[in-house]
Amino acid sequence: MARDDADAPGGRACSLERLGNQDGLSRVWGKRMSGELSAEDFRADIKNWLEANCPPAMRGPMRDEADICWGGRNWVYQSHEQRLWLERMAAKGWTAPTWPGAYGGGGLDRTEEKVLREELDAIAARSPLESFGLWMLGPALLQFGNEAQKQEHLPKIVRGEIRWCQGYSEPNAGSDLANVQTHAEDKGDHYLVNGQKVWTSYADKADWIFCLVRTDREAPKHRGISFILIDMTTPGVSTRPIKLISGKSPFCETFFDDVKVPKANLVGELNRGWDIAKYLLTHEREMIGGGARGLLGVRALGEVLANYASDEDGQIVDPMLRTDAKRAEIDTWAFMLTLERFKDQAKAGRGVGDASAMLKYYGTELNKRRYELMMTAAGTDGLEWEGERSNDGALAREWLRTKANSIEGGTSEVMLGIIAKRILELPGG
Amino acid sequence: MARDDADAPGGRACSLERLGNQDGLSRVWGKRMSGELSAEDFRADIKNWLEANCPPAMRGPMRDEADICWGGRNWVYQSHEQRLWLERMAAKGWTAPTWPGAYGGGGLDRTEEKVLREELDAIAARSPLESFGLWMLGPALLQFGNEAQKQEHLPKIVRGEIRWCQGYSEPNAGSDLANVQTHAEDKGDHYLVNGQKVWTSYADKADWIFCLVRTDREAPKHRGISFILIDMTTPGVSTRPIKLISGKSPFCETFFDDVKVPKANLVGELNRGWDIAKYLLTHEREMIGGGARGLLGVRALGEVLANYASDEDGQIVDPMLRTDAKRAEIDTWAFMLTLERFKDQAKAGRGVGDASAMLKYYGTELNKRRYELMMTAAGTDGLEWEGERSNDGALAREWLRTKANSIEGGTSEVMLGIIAKRILELPGG
Amino acid sequence: MNLIPTEEEALLQQSARKFLDDKASVKAFRKLRDEASTNGFDRGLWREMSEMGWAGVLVAEDSGGVGLGHRAAGVLAEEMGKTLVASPFLSSAVMAATALGTAASSESAALLPGISAGEIVVALAVDEGHKHDPAKTTLHAKPHGNGFRLNGEKSFVVDGHVADQLIVAARTSAPPTGLTLFLVDPKKKGVEIERTATVDGRNAARVRFDNVEANGDDIVGDIDGGWSILERALNAGRAALSAELTGVAAGAFGITNQYLKDRTQFGRPIGAFQALQHRAAHLYCEIEVTASAVANAGRELDRDPGAAAGAVSLAKARAIETARLAVSEGVQMHGGVGMTDEFDIGLYMKRARVGTEWLGDYAFHAERIAELRGF
Amino acid sequence: MNLIPTEEEALLQQSARKFLDDKASVKAFRKLRDEASTNGFDRGLWREMSEMGWAGVLVAEDSGGVGLGHRAAGVLAEEMGKTLVASPFLSSAVMAATALGTAASSESAALLPGISAGEIVVALAVDEGHKHDPAKTTLHAKPHGNGFRLNGEKSFVVDGHVADQLIVAARTSAPPTGLTLFLVDPKKKGVEIERTATVDGRNAARVRFDNVEANGDDIVGDIDGGWSILERALNAGRAALSAELTGVAAGAFGITNQYLKDRTQFGRPIGAFQALQHRAAHLYCEIEVTASAVANAGRELDRDPGAAAGAVSLAKARAIETARLAVSEGVQMHGGVGMTDEFDIGLYMKRARVGTEWLGDYAFHAERIAELRGF
C-alpha cells in the first residue's frame, strides 16, 4: 500500500492518467513545432475526428470502476463500443498522446495534447484506456529503457494489449522502500528471482510486472537494487488478493519462487534501479496528489452537501457543517490553483521535482477531510453497507478508500520528511 | 522562558497557588485526624475568623498584576489593607496552609485546606501572598532540605519576608535543561559560582534565588548538577530585565561573577540536584496546566464574546466564530473536568505524576486557542496597544502573553516527549 | 462530584474486562461479522452478560435488575467498546430500560424483568431521515376509534430487526415536544421492517408504519408526555455510547501503540520516530480529557438525570472527536496493513463512524451545549 | 491563467528584494517602531519607493503611474511583508489609487499624480465598529443646501492620521449598497482625528465627522454609486494585503527555518528533531498553497476586477490562516527567545494579527466564498 495507487475509482484513475500525461515532469518528448499546423486547424481536426469516432456510449462520466478499460490479454470488453473506442484511439496513438510515434504514441507536444484533452472533455469522452503501463512503466522506459525494450513494450501498452502491475513494496519495505529483499540471483543467462511483493495492484489480472529486486546484497541498500520486467505467466509467479477495509481487493501479494527472468529484462544499469524508482515515485506522487482533483469529479463535496444537508435555497442548514465545508472548499480551491501553478511551471520547462511531495501530501490529506464531511452530511444513510439504496454502500466504501490516499505512493510522513530534508534542508536526525 | 512561570496576571497566579497547594503531589504533611475537630465546627471557625480579619478592600477579584502581593525585603505594600491581610493570614500560617506548623505553616490536612479555600472563595478573598517560595522552594525544602534549611527559610516564606526567584534555564539549557553550565567550584568552605541564568522571573525584585549549578563537569550531565540557594545581595550577582513581546519585563537574565556561596546553602546531596529539579518540574507543570482555569477567571471567553460578538439575545452573530467558540467551550469544559479528576485522584492518595505533562500541554495549548478567539471577537478594537480605551492594549498583551504558556515550564514538545516515553513507553529515538 | 472510579466501579471494570477478553475479543466480533449473523450479536453471549447483571444495570432491583446506575453502565460500555462487542446493551438495556423505567406504568414495568434477564430485546424507534433530530419527528399517531393509528417511517432503529418490542416516538401534538411514545409489537399488522447492514458489521432497521393500531395501554408514559421520557432514554444512550466510543478510541490506540513498538522501518521501531511519538502523545491526551467528560456524564445522570443534558452532550461531542482522531491516526500509523481487512484497526474505524452518527453527531451536541451556555 | 511569475514580475521581485534588504530590513522597521515615529513610516523611504514606481503601480501612465497591475502590486506587497516594511502602500497606492482611478472623474484623477509620486497620502475611511463590514455603514451624508453634511464615526482608518485626503464611505441610501464616497480634507471643520497605536507598531485612526460639509465635487464617482468603486478598491487592498501576509508568513518561516538549523539542544540542531521537521514541512505546504491563491487573485483582478471577488476572498482567507500558523509555529519553535522583543519573530506575529483583521477576517471572506459558491 505504501507504494501503489491503482485502486482508483473511475474518475480518479481517469484524472490520474490525465494529470500524469499533462503535468508529468518537464520532459517534452514530442518535438513538433507548433508552427507546423495552426492551432485552430489542429483543434478543428481533432473535433471532427472525435465527433466521427467516439461512440456515444463512450461519452458521459464513468459511473463506477466497471466502466474503466484496463486492457490486457484477458480483458473482457464491457461493450462493443468500449473495444471500438480503444482501438480507434490507440490507432491514433492518443492513448499516449505525447509518446513518440515511433513507439505507437501520438507524438503530440504539450500544447497539442492540451487541445486534445480539452476536446475530449468537451464531449465528455471517457478515457479509452487506463494502465500502469501508461502511467508508470512507459515513462520509465522512455527515460531509462534501451531501444529494444521500447520497441517491445511501448506499442503494446499504447494498444492496451499488455496490462502491467507494479512490484515495489514488500512486507518489510513499505516507507523504507529501499529495504527490498526480493532477490535476483545472476545465473549467467538469466536471473533467478525469489521473494515476495505486496500491494501489487491488480496483479491477479496483470500480464507483466515491473519490479524492484535486490541484485547486490553487499552494497549499501540503495545501490544494490535493480529494475526488472517479469512476465506473470513465468513458472513460479503466483498471486493472492488482499481484502481491504472497503471490502474490495484491488491489491495482491505476489510471490516469486525460483522464477527465471531473461537478462534482457533488466531496465537501465544493474544495481541502479533506485534511480528509476525515485524517478517514478516523484512521477507517481504528482499523479496521486493531483488525484484529489479527479475525486472532485466523481463525488463532489458540494453535490453531497446539496443532496443531504441543504435547504431549498441550497444553503447548508447545519451551521457547523457549513463552517467546516467553507474551510474545506477554501483549501480545495487553493490546492487546485496550486496544481495549476505547478502545471504552469512544468510547461515553462521547470520541473516540479521534490515539490511533488507537497502535492501528494496536501492533496491526499485534503481528500480525506472532504470525505469525512461527506459522511457527516450523509448521516446514517452513509452508514449503509449493502443494498440498492446505498449502491452497496458506495459512499462508505469510497470514504474508507480515501484513508489509503495518505499511505499509498509514500505515506504523508515520508512526504513531510522529503520536504523537510530536500526542500527545507533541515539536518538529518 | 523554558522553565519559568511567573509572569502571571493576578487571577492566574492566584490560581497557580491554589492548584499548587490543593493538587500538589499526593503528599499530606498535616497529620491531624479529621476527628479532632468536627468539619462543621472547623468551617464555622474559619468563616468567623475570615469575617473578622479579611479587610473588605481585600475582597473581590484582582483587577491586574498590581494587586498581587509578592512580599520580600523591598516590597511596597499597595495599601494598608494589603499589609494587614498578609500579616493576619501569615500569623495563622494560612499563606501555606498545609505546611507544618513547626515551620510557620497552617498544619492543615487536605480536607481542612479545602474548607479554608472554599471559605476564602465564598467571600472572594484575594490571595494574601504569591511567591516562588510558596510554590516551588518550600515544597522542595520540605522534601529535600535539612532541618536547618527548613527552619531558616520556610517561616520567612510563609510571612512573605523573603522573595525568591528560580534559576534554572540558561542560554544553552532551555528544553535541554540538564545542560546547565553555570559552575559552582568547590573552594573548601564555599562554592565559587560563575555563569548565567535566563528566564529568572522577577530576579530584579527577588531577595534570594534557588539555582541549578554544575558541580561535576566530568559526570554524565544529569549527575553533575546541584541545587543551591544564593542571596541576591552577594557580591557578583547582577540582573538585567528581558523585554518581552507583550512589552513587559517580568523575566531577567541573571549573572554570577565569582559569587561566593556558603556550602550550607546546598540543598540535598551534592550532584543530585537533578532529582530536586525533576520533582519541582512535575510540581510546576501541574500548576501551569491548571493555570488555564485561572485565566478563565481573569478573562472569560464567554464574556469577551458577549461584549464583542453577540446580539441582544447573547447569541454569537458570526456563525464561524460561534462554531469555533463551541469547540473551544467543549474542550475547555472537558479539560476542567480533567483537572477535577486528577485532583480527585491526588486526594485519593494516588499521585498525578507524569500525567502532569498532559495537563500542562493540554491546558496551555487550549489557552492559546481561547485567546485567538477572543482576539477575533474583539476585531480591530483588540489591536490597540496604548490608550485608555483598550486599557493600554490589555487584551492584545494578554494574548501575546499566552504564547509563552506552551514554552515556559517545559515546552509542549518536551511534554509530548515525556508522555511518549514515560506513559506510552515508546522507544527512544 | 468524584470523577475517579469507586471501588465498586473498579471491580466491575476488572471483571468486565476479564470476561470480555475471554468471551468477546475482537476475534469473536470478527467471526460474528464474517458469518454475516442476521441477529448482529451472539445471543448466547448476551445471555451470559445478562446473567452477570449487565442487562439490568439500569433496572431497579424490584424489577429484576441490579440498578447500578449510569456511571456503571458507562464502565461496561467502555469495556465493550475496547473489543468491539456487539450486543443490544445500548438499545435495550440502556435506552429502552430507561424509557420504561421512567414511564413507570404497569405495562412498561412488565417488560423490565425480561430486558434485564436478556430474554427480550426492546428497541427505540426515534430517527427519521438521515440525521438524528427527535424534535423534527413527523411519524404521527392520530386518534382512531378508542385508540390511535400510526403512520410514518423510522430510520436507523438499532436492533430493530430483532426487537421483540419497539418504543416508537410519534407526533401527537405540536413540535418540538409534542410526542407520545408507543410500545409496538413489530409483528403487528402494518409494521414493515427492513434490515440494513451497516458499515460496522451490525444492523439497523428501517421501519414503516402503515395504519398501525395502538391503544392507551400501549402508551409509554402519558399522551403528549413522551418528550421528557425520550430525552431521559436518549441521554442515557448518549452517555453510554460516549463511553463505548471512548473504549473504541482506547482500543484503537492500544493496538496502534503496540504496533508502533513492533513495526520496524529504517532499522528501528517506528514508535522511535519523534513525529509519531508526539502524535501518539497528543492522542493520549485527547483520550484522557474525553474520559473525564464521559465519567462526568455518568455521574451527572446518576445525580439528577433531568439536569444532565449538557454533561451528556459534552461527553458525546468529545467522544466523537476523540474516536475519530484515534481511528484516523490508528489507520495512518499502521500504514498499508491498516487498510487491510485482516488487521483490526479498520474495524475500530467503522464502529467509530457509526457511533459518531448515532444519537446525534458533533454539531448536534455542540449546538445543545451552546444553547445551554447561552451563546 | 498562468500562475507563475512573468519575466517582468520576476525582475520586479528581485529588484524589490534587493532594495528592501538594503533600505528596509526588519532592523529598519524596528528602529522606526522604537523611535515611536508618529508617521508610522519613513517618508524618505516612501519617496524612494515611489521613485521606483511602486506608489504608481496601479496608476495609469497618463496619470503619472506605471500601471503594472494587481499581480505586480502583489509581488511588491509580498516582498514588503517579508521584512515588515511600513508604508502607505496599501492604503494610498493600492486602495485610494484604485478608488480614484475607477471613479475617473477629473477631481479624482487630479490626485493620482500626487499619489504615484508618493507626495500625498490618501486613506480610505470605511470601517465602523470593530469588525470590517462595509454593508453595515451607518455614517451618513444628508443633503444640506447645495451639498451634504457628513455625520458619524469611522474606525481603523489606516494611515488616517497622516492622510492628506480621506475617501469616506457614507450611507446615502438603503443598505447594503446605497453608499456614496466623499473626498474629505481631514483639516475640514468637524473632522476629528484620533491616532491609535496598534499592536504591530503602526497606527490607525478613529475619525469622527460632526456636520462635515461636502459638495458634489467631493464625490468620488456618483451619488449612491460608491459601492462598486469601494468594492474595487477594497478588493485591490485585500489582494495586496493577502500578498503582504504571505510575505509575512514566508519571512517568519524563513527566520524560523534558519533558527531550526542554528539552535542546538540535546546535542543536535533542533531542526533535526522529526516532530519539528514535519511541522515545518506542513507549514511550507500551507505557504505554497496560499501563494497560489494569492497569485491567482492578482491575475483575476488584472483580468476582470468586477469578477474577482471570490478569488480575492480566497486569497485573504488562505493568507490569514497561513500567516497565523507561520507566526504561531515560529514563536513556538523559537522557544523562550521567541517571546522576547529582541528577536524578530514576535514582530511578525503582531503584523499578522493586524493583517488578519484588516479588510475582513477569515469568517468574512469564507462567507463571501460560500455565498458565491451557492452554499
Side-chain angles (χ1 to χ4, degrees), chain A residues 1-4 7 169 171-179 198-199 242-249 251 308-309 317-324 368 372 375-387 389-390 393 396-397 399-401 403-404 406-408 411-413 416-417 429, chain C residues 36 127 129-133 155-156 158 194-204 206 263-268 270 272-276 279 320 324 327-328 330-343 345-347 349-350 353-354 356-358 361-364 366-367 370:
Chain A
M1 179 69 49
R3 303 255 75 81
D4 271 357
D7 176 26
S169 299
N172 288 307
S175 288
D176 187 8
L177 181 61
N179 195 39
V198 289
W199 311 120
I242 301 168
K243 189 175 171 194
L244 296 188
I245 57 175
S246 61
K248 313 210 166 177
S249 300
F251 298 102
Y308 280 110
V317 177
D318 184 274
M320 193 166 248
L321 179 58
R322 187 158 183 267
T323 285
D324 293 345
K368 291 196 294 182
E372 287 288 332
M375 288 295 281
T376 297
T380 51
D381 281 3
L383 303 177
E384 296 193 19
W385 191 242
E386 291 169 1
R389 189 190 300 106
S390 64
R397 290 171 198 267
W399 162 69
L400 287 165
R401 179 62 185 82
K403 302 302 178 189
S406 52
I407 298 171
E408 59 201 345
T411 63
S412 284
E413 292 76 19
L416 292 171
Chain C
D127 289 357
H130 64 288
K131 296 300 279 192
H132 177 70
D133 196 350
S155 62
F156 210 70
V158 173
E194 175 196 356
R195 182 174 80 99
T196 60
T198 48
V199 62
D200 60 344
R202 306 179 199 201
N203 305 281
R206 286 179 189 260
R263 168 72 172 172
T264 297
Q265 286 280 273
F266 304 103
R268 45 182 175 155
I270 58 174
F273 288 94
Q274 197 200 31
L276 296 188
R279 282 160 51 188
I320 286 169
R324 187 205 300 258
V327 299
S328 300
V331 166
Q332 180 70 22
M333 289 180 183
H334 272 75
V337 300
M339 289 302 295
T340 64
D341 188 68
E342 189 186 337
F343 274 65
I345 188 70
L347 300 175
M349 175 171 270
K350 292 169 175 179
R353 180 68 236 172
V354 172
T356 291
E357 284 302 326
W358 192 18
D361 70 359
Y362 188 91
F364 177 88
E367 180 61 27

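Letters go in sequence order (proteins before strands), and every chain restarts at 1. Note that this is a predicted model, so its numbers are computed, not measured.
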- Task: Check for a donor-acceptor pair, side chain of C:Gln265 on one end and backbone N or O of A:Asn172 on the other, with a separation under 3.5 Å.
- Result: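 Looks like yes, one N/O pair under 3.5 Å.
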- Message: Test your reading of the model: is there a side-chain donor-acceptor pair from C:Thr356 to the backbone of C:Asp361, 3.5 Å cut-off?
- Response: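 Side chain of C:Thr356 to backbone of C:Asp361: no pair is present.
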Counting only non-hydrogen atoms closer than 4.5 Å, does [X] touch chain C with its backbone (N, CA, C, O), its side chain (CB onward), both, or neither?
X        : value
A:Ile242 : side chain
A:Ser412 : both
A:Asn179 : neither

- Item | Any residue meeting salt bridge (charged side-chain N to carboxylate O under 4.0 Å, His left out) with C:Lys350, in chain and number order, not counting sequence neighbours |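 Counting only residues at least two positions away or on another chain, C:Lys350 forms no salt bridge (charged side-chain N to carboxylate O under 4.0 Å, His left out).
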Would you mind telling me which of [options] has the largest number of heavy-atom pairs within less than 4.5 Å of chain C?
options                                : result
A:Arg397, A:Lys368, A:Glu413           : A:Glu413
A:Leu416, A:Thr376, A:Leu400, A:Thr323 : A:Thr376
A:Ala309, A:Ala377, A:Pro319, A:Ala178 : A:Ala377

Pick whichever of [options] has the most heavy-atom pairs under 4.5 Å with chain A.
options                                : answer
C:Ala197, C:Ala275, C:Gly267           : C:Ala197
C:Gln274, C:His334, C:Arg324, C:Glu367 : C:Arg324
C:Thr264, C:Thr196, C:Leu347           : C:Thr196

- Query: Just wondering, do C:Val337 and C:Glu342 contact through their side chains at under 4.5 Å, heavy atoms?
  - Reply: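 The answer is no, as the side chains (C-beta and beyond) never meet within the 4.5 Å cut-off.
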Under 4.5 Å from a heavy atom of chain A, the part of [X] involved:
X        : result
C:Arg279 : side chain
C:Phe266 : both
C:Arg195 : neither
C:Ile345 : neither
C:Ala366 : side chain

- Message: Assess whether a salt bridge exists between A:Lys403 and A:Glu372, defined as any Lys/Arg side-chain N lying under 4.0 Å from an Asp/Glu carboxylate O.
- Response: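 Looking at A:Lys403 and A:Glu372, the cut-off is met.
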- Item | With C:Thr198 via side-chain hydrogen bond (donor to acceptor under 3.5 Å, both in side chains) - residues at least two apart |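 Partners of C:Thr198 by the side-chain hydrogen bond (donor to acceptor under 3.5 Å, both in side chains) criterion, ordered by chain and then number, come out as C:Asp200.
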